[in-house]
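Reviewing the structure listed below.
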Protein chains: 2
Amino acid sequence: MELRQLKYFLKAKELLNFTEAASALYISQSTLSQQIKQLEDELQVPLFNRIGKRITLTEAGDLFAVYAQQSINKASDGLELLKDLNNLETGKVAIGVTYALRHVVTKALILFSSQYPKIQFEIVFGTSQELIQKLNHFQLDVILTFEEIASEAHFKYLELFTSPMALVTASETPLTNKKSISLDEVSSLPLALPSSGFSTTQFINKAFEKSNLHPNVTIEINDIPTLLELIKTGKWHTILTKTTIENEEDLHAIPISGKNMTRTAMLISLKEVYEKKAVVAFLKMLMENVTT
Amino acid sequence: MELRQLKYFLKAKELLNFTEAASALYISQSTLSQQIKQLEDELQVPLFNRIGKRITLTEAGDLFAVYAQQSINKASDGLELLKDLNNLETGKVAIGVTYALRHVVTKALILFSSQYPKIQFEIVFGTSQELIQKLNHFQLDVILTFEEIASEAHFKYLELFTSPMALVTASETPLTNKKSISLDEVSSLPLALPSSGFSTTQFINKAFEKSNLHPNVTIEINDIPTLLELIKTGKWHTILTKTTIENEEDLHAIPISGKNMTRTAMLISLKEVYEKKAVVAFLKMLMENVTT
DNA sequence: ATTTCTAAATCGGTTTTATCGATTGATTTT
DNA sequence: AAAATCAATCGATAAAACCGATTTAGAAAT
């Protein structure tokens, strides 16, 4: 039993005339006759009565037609769904983001959703390591993070933009009017930093090491909103990429001077995995939004 | 898209291993690989990610699998239904009966239904002409009537039994103790007969004509139960086959003497039309019940 | 690093089968 | 009685399903 045969059968049932049905199906009458016969042989029951040259449905044919139609419908429903998927009428996008790039995603998300309201999103915040692991387990379509030290061969990387590392302070401090600040100056300030799992922290610690500086880290915390809350008190400072606090009220970012004091935001996805249309469209929108 | 390909796809999805899936499907790995590829080409979307030697489902594959499964299920449901049909688990039997043979059908019907309770019946009472027309329009599977004058080539005839024409009277009349009665005697009695559309009436009128007798018909009526009601009053007599009143209380049948004063009950069905299993089984039971 | 192993893709050839055109046989229409 | 119609059948051809062998490329083992 094949869908082709079911289609032939239903057309023959509809027209009750093999010659016309064959013509409507763009096949020869002999082909239709043979295919119907083959189907009947397989089902072990005639679907049509052959009374002379006239044909009529048998009871079996009548009953079977319902299921034949449903089988075809289900298959074409599946096809329809895939079309929708390509037209972004459905589908799910799973994105991993490091907290530093929160605003990049949210801005694009708001824009994209208004244009393609049917696409579902799952946004996962986490450290780069966590996200990369999920990406490898096919739990994420793409992750948005700052460049990693080690690049992996089965990943596809796409640069988005660069953002300077910055000392983040409350809005009103003696430092506020500075255009930039040296790493040396930073090391003397009371710092509250993200935990060591965060790549930003790893990055800045490496910089301190290189310069033989010993920063004054009094707090380590693994939740950025809480960290920012503390910074707003004015009692601590922190170090983040400038992008991280782009839309934050009551905070001020002073770029840290020196070479290599910038980080590059990247999109990371798996090579060789089929790219969902919805993901491609979303990333396109995200990138357009970022460069402007 | 063919059911074969959907089956292949689902097995590959289940095992996530083309080699094993091919083995489970009793086809070669190369065939499976090709068929999946062909399906993907038609759907215009990959169903599997080929990441190195591992394969995983794509989102499209995951979504499509649901419909693929449903399509297959519907087809196999149809197959199942046809099996049931052969096993008399379902199906409809449409029988046309002339009223004279009512008891023959009801007796068989009660017996058959207890053995095959799921079979549906449609019993149509009517004159032979009406029933034959319906048979020709495929609205009936078989009709049960007395032999027709003209036999048609596209009908299949099966004799059941013969039954004498009889004068039907109320239980208590001066005639009750007679073993038989001549047509001549009958013609002098006040008669209430079925309408001229009934074959029994046509049959008896022809007999009267042949003998140059003029029966005393005071009532013609096209409903047999009503006719019998009138006979029970004792004011009229009627002429029917003996079988007709076999199970009737308060009525008495006196066979009419003379040659050709019997009628043959027959099963009539269409030649060349597929015989429903349920119909065949029912008729078998009916015939066994009639001969005993 | 190198080798071995494994699994999917690919290639060339074979078998199967879906298809066609022509014909036949039977029925209906003219 | 002749012509037209329609499904079935036949023989031939083209399509495609299938296979075994080979290739390719990760993964695992050495």
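So that the names make sense, note that chain A is the first sequence line, chain B the second, and so on, each numbered from 1. Hydrogens, waters and symmetry mates are skipped; everything else that's a heavy atom, side chains included, is used.
Between B:Phe48 and A:Tyr274, the ring centre distance reaches or exceeds 6.0 Å.
The existence of a salt bridge linking A:Lys206 and A:Glu209 is excluded, since no basic side-chain nitrogen approaches an acidic carboxylate oxygen closer than 4.0 Å. Of the charged side-chain nitrogens involved, none lies within less than 4.0 Å of a carboxylate oxygen, so that A:Glu40 and A:Lys37 do not count as a salt-bridged pair. The pair B:Glu288-B:Lys284 counts as a salt bridge, with a side-chain nitrogen and a carboxylate oxygen less than 4.0 angstrom apart. Under a 4.0 Å N-O distance rule, the pair A:Lys156/A:Glu275 qualifies as a salt bridge.
With hydrogens and angles left out, the side-chain atoms of A:Asn49 and A:Thr56 include a donor and acceptor closer than 3.5 Å. For the residue pair B:Ser28 and B:Thr31, a side-chain donor N or O sits within less than 3.5 Å of a side-chain acceptor on the partner. A side-chain donor from one of A:Lys74 and B:Gln70 sits under 3.5 Å from a side-chain acceptor of the other.
What separates CG of A:Asn136 from C1' of D:dA27 is a distance of 15 Å, to the nearest Å. Look at CD1 on A:Ile27: it is 13 Å from P on D:dA8, rounded to the nearest Å. Here the C1' atom of nucleotide C:dA7 and the CZ atom of B:Phe48 are 14 Å apart, to the nearest Å. Rounding to whole angstrom units, CG of residue A:Leu16 and P of D:dC6 are separated by 13 Å. Atom CD in A:Glu40 sits about 12 Å away from atom C1' in D:dA8, given to the nearest Å. One interatomic measurement links the two molecules: CG of A:Leu39 to P of C:dT17, which rounds to 15 Å at whole-angstrom precision. Going from atom CG of B:Asn49 over to atom C1' of D:dA25 covers 17 Å, rounded to whole Å. B:Leu32 has its CG atom 14 Å from the P atom of C:dA7, to the nearest Å.
The aromatic rings of B:Phe112 and B:Tyr116 are tilted relative to each other, their planes meeting at an angle between 30° and 60°. In this pair, A:Phe125 and A:Tyr99 present their aromatic rings tilted. The plane angle is within the 30 to 60° band.
Within the 4.0 angstrom heavy-atom criterion, only backbone atoms of the sugar-phosphate kind lie near A:Tyr8; the bases stay farther away. Within 4.0 Å (heavy atoms only), A:Gln35 reaches sugar-phosphate atoms of the nucleic acid but no base atom.
Between A:Ser28 and C:dC20 there is a side-chain polar atom (N or O) within less than 4.0 angstrom of OP1 or OP2. Under 4.0 angstrom from either OP1 or OP2 of D:dA16 there lies no side-chain N or O belonging to B:Gln34. Listed pair B:Thr31 / D:dA17 fails the phosphate criterion, with no side-chain N or O lying under 4.0 Å from OP1 or OP2. Taking side-chain N and O atoms only, B:Lys37 has a distance below 4.0 Å to OP1 or OP2 of C:dT10. An OP1 or OP2 oxygen of C:dA9 is reached within less than 4.0 angstrom by a side-chain nitrogen or oxygen of B:Ser33.
With the end axes of the helix from C:dA1-D:dT30 to C:dT30-D:dA1 each set by five pairs, the angle from one to the other reads 30° at 10° resolution.
Interatomic distance, B:Gln34 CD to B:Gln29 CD, rounded to the nearest 0.5 Å: 9.0 Å.
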- Query: What one-letter contact string describes nucleotides 22-30 of chain C from 5' to 3', where B marks a base within less than 4.0 Å of any protein heavy atom, S marks contact via sugar-phosphate atoms alone, and - marks no contact?
  - Reply: B----BS--
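A donor-acceptor contact shorter than 3.5 Å links the side chain of A:Glu130 to the backbone of A:Thr127.
For the segment residues 17-26 of chain B, residues with any heavy atom less than 4.0 angstrom from an atom of DNA chain C are, sorted by number, B:Asn17, B:Phe18, B:Thr19.
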